[in-house]
Amino acid sequence: MTTAVSVDHLARARGPVGDLIAAIRPEQWKAPTPCAEWDVRGVVEHMVGMDLVFAAMIEGGPMPDRGADCLGDDPVGAYRASSATLETAFSAPGVLERSFRSPMGSATGAERLQIRLYDLLAHGWDLAQATGIPLRLPEDLAERSLAFAEVQLPSQNRTGRFAEPRPVEATAPAIDRLAAFLGRPVPWQR
């Protein structure tokens with residue numbers, strides 16, 4: 001399987017994740033998630049924040065304020081706006097070929113897009129587990145993201161980012177295998 005990525009992959013992932021976020025009921029925003037440090041709202045806030053960080057990195061703009069509430073009273077609208085901003089940033093001519101520096105090192109736009117994609121898919125999985133709302137992701141996106149993560153992460157320290165990989169059936173859906181590789185217990189139990 002090729003790990004080549006395009007902005008279309010991001011668009012195909014952000015739609016289903018946005019649909020899931022739009023279906024979150026008011027009482028579910030404080031529910032625990034597989035990311036023990038965050039409840040449902042915290043996961044969505046992280047996703048929006050990372051969209052804004054990646055867009056700022058790509059566009060060379062100012063980074064968003066750490067600790068600022070980037071969801072406000074409209075988490076669904078904030079997610080949709082940030083993911084559209086991110087897609088626009090990655091769609092600019094030459095972005096996927098250029099190199100970008102960050103505290104984690106230097107990487108091409110294509111590599112940054114793949115990192116953002118596997119993070120988006122994993123957190124979409126987290127939200128589906130926490131809320132019971134089905135996440136309808138194209139299987140090929142999870143397969144591509146898993147293939148990239150398996151190559152990228154073994155060379156990096158996981159401390160503070162991901163737990164060690166968890167066991168999962170080889171026949172499990174790709175999204176479950178990605179979640180397990182990124183340290184989530186599959187299946188997740190509250």
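Only this structure's heavy atoms are used, side chains among them; waters, hydrogens and symmetry mates stay out.
Residue D65 places its CG atom among 12 or fewer non-hydrogen atoms of other residues, nucleotides or ligands, all under 6.0 Å distant. Other residues, nucleotides and ligands contribute more than 12 heavy atoms inside 6.0 Å of the CG atom of D74. Around CZ of R136, the count of heavy atoms belonging to other residues, nucleotides or ligands within 6.0 Å does not exceed 12. Annotation: R190, atom CZ; neighbour count of heavy atoms from other residues, nucleotides and ligands within 6.0 Å is above 12. More than 12 heavy atoms of other residues, nucleotides or ligands shown are found within 6.0 angstrom of CD on E97.
One finds the CZ atom of F100 at 8.0 Å from the CE atom of M57 (value rounded to the nearest 0.5 Å). In this structure, E87 CD and R116 CZ are separated by 13.0 Å, a value rounded to the nearest 0.5 Å. Atom CG of residue L182 and atom CH2 of residue W125 lie 10.0 Å apart, to the nearest 0.5 angstrom. One finds the CD atom of E143 at 10.0 Å from the CD1 atom of I175 (value rounded to the nearest 0.5 Å). Atoms CD1 and CG, on I58 and L86 in that order, are 8.0 Å from each other to the nearest 0.5 Å. The distance from the CD atom of Q129 to the CD atom of Q189 is 9.0 Å, given to the nearest 0.5 Å.
In this structure, Y118 and R144 have side chains that are not in contact, with every pair of non-hydrogen atoms separated by 4.5 Å or more. V186 is not listed as a side-chain neighbour of R166, based on a closest heavy-atom distance of 4.5 Å or more. For the pair R184 and C35, the minimum side-chain heavy-atom distance is below 4.5 Å. Side-chain contact between F148 and I115 is present, with at least one heavy-atom pair separated by less than 4.5 Å. In this structure, the side chains of H46 and D119 come closer than 4.5 Å at one or more pairs of heavy atoms. The shortest side-chain heavy-atom distance between L96 and T108 does not fall under the 4.5 Å cut-off. Counting only heavy atoms from C-beta outward, the side chains of L127 and V40 approach each other to under 4.5 Å.
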Step-by-step salt bridge (Lys or Arg N to Asp or Glu O under 4.0 Å) determination, R177 to E169: CA-CA 8 Å; R177 289 183 283 124; E169 294 292 326; over 6 Å; no
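No hydrogens or angles considered: nothing links the side chains of D126 and W188 as a donor-acceptor pair under 3.5 Å. A side-chain N or O of S99 and one of S106 form a donor-acceptor pair less than 3.5 Å apart.
In terms of modelled atom types and a separation under 3.5 Å, the side chain of D69 and the main chain of G72 share a donor-acceptor contact. The backbone N or O of S6 lies less than 3.5 Å from a partner atom in the side chain of H9, making a donor-acceptor pair. Side-chain atoms of E59 do not come within 3.5 Å of backbone N or O of A56 as any donor-acceptor pair. E45 places a side-chain N or O within donor-acceptor distance of the main-chain N or O of C70, the cut-off being under 3.5 Å. The main-chain N or O of A174 is found under 3.5 Å from a side-chain atom of E139 such that the two form a donor-acceptor pair. In this structure a side-chain-to-backbone donor-acceptor pair under 3.5 Å is present from T33 to W38. Side-chain N or O atoms of Q28 include one that pairs as donor or acceptor with a backbone N or O of R25 at under 3.5 Å.
Minimum interatomic distance between A180 and P167 (heavy atoms only, all atoms of both residues): CB-O, 4.4 Å. R41 and P75 make their closest contact through NH1-CG, 3.6 Å (heavy atoms, listed as atom of the first residue, atom of the second, distance). Minimum heavy-atom separation, A13 to L117: CB-CD1, 3.6 Å. Taking each heavy atom of Y79 and M47 in turn, the nearest pair found is CE1-CE, 4.0 Å. Considering all non-hydrogen atoms of both residues, L121 and S145 come closest at CD1-OG, 3.2 Å. Residues L135 and A128 approach most closely at CB-CB, 3.9 Å, considering heavy atoms.
Ion pairing between R14 and D51 fails under the 4.0 Å rule for side-chain N and carboxylate O.
The aromatic rings of F54 and F90 sit tilted relative to each other, their planes meeting at an angle between 30° and 60°.
W29 pairs in a side chain to side chain contact (heavy atoms under 4.5 Å, CB included) with only one of the listed residues (T131, V44, D39), which is V44.
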